There are 2 protein chains.
Amino acid sequence: MSETVTAQEGVLRELRVMIASGQLEPGQQVVQDALAASLGVSRVPLREALKVLEGEGQVIYHPHRGYFVANLSVDDLVEVYRIRSILEDEALRVGVPLLTDEDIEYLEDILSDVEAAATSGDVSAVTAANRRFHFALFEASNMPRLVRMIRNQWDATDAYRGVYFAAPANLKAMNAEHRNMIVALRNRDVAESIALQAAHRENSVAVVSQVISKAE
Amino acid sequence: MSETVTAQEGVLRELRVMIASGQLEPGQQVVQDALAASLGVSRVPLREALKVLEGEGQVIYHPHRGYFVANLSVDDLVEVYRIRSILEDEALRVGVPLLTDEDIEYLEDILSDVEAAATSGDVSAVTAANRRFHFALFEASNMPRLVRMIRNQWDATDAYRGVYFAAPANLKAMNAEHRNMIVALRNRDVAESIALQAAHRENSVAVVSQVISKAE
DNA sequence: CACATACTGATTGTATCCAATCTCAAGGAT
DNA sequence: ATCCTTGAGATTGGATACAATCAGTATGTG
C-alpha cells in the first residue's frame, strides 16, 4: 500500500516517474490543466508539487508562462556530476568510518536484491535496488541534508539514464564494482570506497552524456 | 522599484526577510490564514512560497499540521557548515583560477561598499554588501547550481546570524580578512583563498552556534 | 513587402469556498 | 488517578471560479 497522506505527495511521486521515464519529455511545457485532469486532481496540489520540482531543478519556471521539464545541456550535466562528486565524497569520508558490521550486512542484503533483479532481467527493479544500495551507504554519514542534496543530483539526470541498465554488460560490470565496494567497506577503507564510487559515477556520466549530446 | 511579476515572488522575499529578522521565530508555526492576510494575499501564493522555503530547509512541513519555521539544533548547524565548506571550497577551486582582472576590480568595488557601510555603522548594509562580495566571488566558478546550493546554506543560518555584525571588533576583523582575500585572489592562490574563506566561516559558525546553544 | 497593432484563444495566477484533518479540552469508564 | 472516547474549534487540503497575462494570428499601415 502506498501511504499517501496528501494528494500533492502522490502527485509529486507520479511526476517524478513521468519525468524519469520520459513520459514528460525534456523541454516540454507542463500544461497544468491537462496534467491535473489526467492525474485526477485540481491544479492546486499539482502546482505545489511543481514548486518542489522547481527547487530540485527538475523543472524550470517562467512566470506567466508556466513550468517546463528541465532540459540539461552538456555543461549542466558536467556541473551536476561535479557537484555529485564532492557531495558523495564527503558522505563516504564521514560515513565509511562509522559503518557498523550490521550496516555492512544490510548493504550486502540489498546487493543480493540488485543481483537477483539483474538475473531476472527486471531493469526497473535493478535501478531501484541499486539506488537503495548507494543511498543506504550515503546515509551512514548521518547527514540527512547532504543525502538529500545527493538525491537531487541523482534525480536531475534520471530522465536521461533510462537506458543504462538495459545492457547486460553494464549490469555485470556494476555487480563487480559493488562487490569490490563491499570489500573496501569491510576494511573501512575511505580512499578506496571513494575511488570505487567515482568509477561507478563515471559509467553513469558516460551514458547520460551520450544521451544528451545526441539530443542536442 | 521592486520588480515583482507575481505575488508569490514578493511573498517569498518577504518571508525570507521575516525569517532572517526573527519576526518569524524558529519553531513557530506559520498560520497561513493570518500570515496571508497580513501580507495582503490569499493563501494560495503563500503556500507556494512556503513550498519553496521547505525545499531550502527554511521551514519544515508536517502534512495536515502545517509549516513551522526551521529550528536548527547544534547538530544541524554542524552539518550545514560542513556542507557549506565543501561547496565553497569547490567554488573557489574552480572559480579563482578563472578570475579576470576586471572581476577582481569589481570585487574591490564591493569591498569599498562593505567598508563604507561599516564606517557608517549600518549593520544591514554591511550584511548585504558582505553577501554580495562573497557571492560575486563564488559566481566566478560559473557553476550556478553550486552557487544556489551555497546560498541555501547561508540562508539556513540567517535567522541566527543577526547579531554578528553588530560588534565593531567583528567588523574590523572582517575587513582585514577581506583585504587578505583580495591579495590571495590577485595571486590566483587557490589554497590561500580557500583557507581565508574557511577562517571567515569559522567566525560565523562561532557566533551562530552560541545563539543556538543559548536557545536550546 | 515589412512592420506595428489589435484581437482571440489558451494558459497561468489568485481568491474564495467547502471538505478533511488535527489539536485539545471535557467527560466518562476502569 | 489514568486512560480512553467524544466533541468543538481551529487549521490545513483541495476544487472551483474568475482575473491577468501571454502567444500567435489576423488586420491595418507605411
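Every chain is numbered from 1 and lettered A, B, ... according to where its sequence line falls, protein lines coming before strand lines. Keep in mind that what you see is a predicted model, and the values were worked out from it rather than measured.
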Are the side chain of [X] and the backbone N or O of [Y] linked by a donor-acceptor pair below 3.5 Å?
X: D155(A); Y: N152(A); result: no
X: E48(A); Y: R43(A); result: no
X: Q28(A); Y: E25(A); result: yes
X: Y67(B); Y: L53(B); result: no

### Message
Please list, in numerical order, the residues of residues 23-41 of chain B that have a heavy atom closer than 4.0 Å to any atom of DNA chain C.
### Response
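Output list: V41(B).
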
### Within residues 43-59 of chain B: residues closer than 4.0 Å to DNA chain C (heavy atoms)
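Nucleic-acid contacts, sorted: V44(B), P45(B).
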
### Query
Any ion pair linking R132(A) and D109(A) (charged N to carboxylate O, less than 4.0 Å)?
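Judged by the 4.0 Å cut-off on N to carboxylate O distance, D109(A) and R132(A) do not form a salt bridge.
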
### Residues E79(A) and R82(A) bridged, charged N to O under 4.0 Å
no

## Note on the structure
Heavy-atom nearest nucleotide on DNA chain C taken for V5(A) and for Q8(B); more 5' hit belongs to Q8(B)

### Task
Could you point out which residue of K51(B), R148(B), R16(B), R151(B) forms a salt bridge (charged side-chain N to carboxylate O under 4.0 Å, His left out) with E56(B)?
R16(B)

### Query
Pick the nucleotide of DNA chain D nearest each of Y61(B) and R65(A); which residue has the one closer to the 5' end?
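Nearer the 5' end of the strand: Y61(B).
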
#### Entry: Along DNA chain D (nearest heavy atom to each residue), the more 5'-positioned of S42(A) and G66(B)
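Comparing both residues, the 5'-ward one is G66(B).
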
### Message
Could you tell me if R201(A) sits above the aromatic ring of Y81(A), with its cationic atom closer than 6.0 Å to the ring centre and no more than 45 degrees from the axis?
### Response
no

### Message
Between Q197(B) and H134(B), do the side chains contain a donor N or O and an acceptor N or O under 3.5 Å apart?
### Response
yes

#### Entry: Short side-chain donor-acceptor distance under 3.5 Å, D76(B) and S73(B)
yes

### Message
What is the first contacted nucleotide of DNA chain C and what is the last, in 5' to 3' order, if contact means an atom lying under 4.0 angstrom from a heavy atom of chain A?
### Response
dT11(C) to dT14(C)

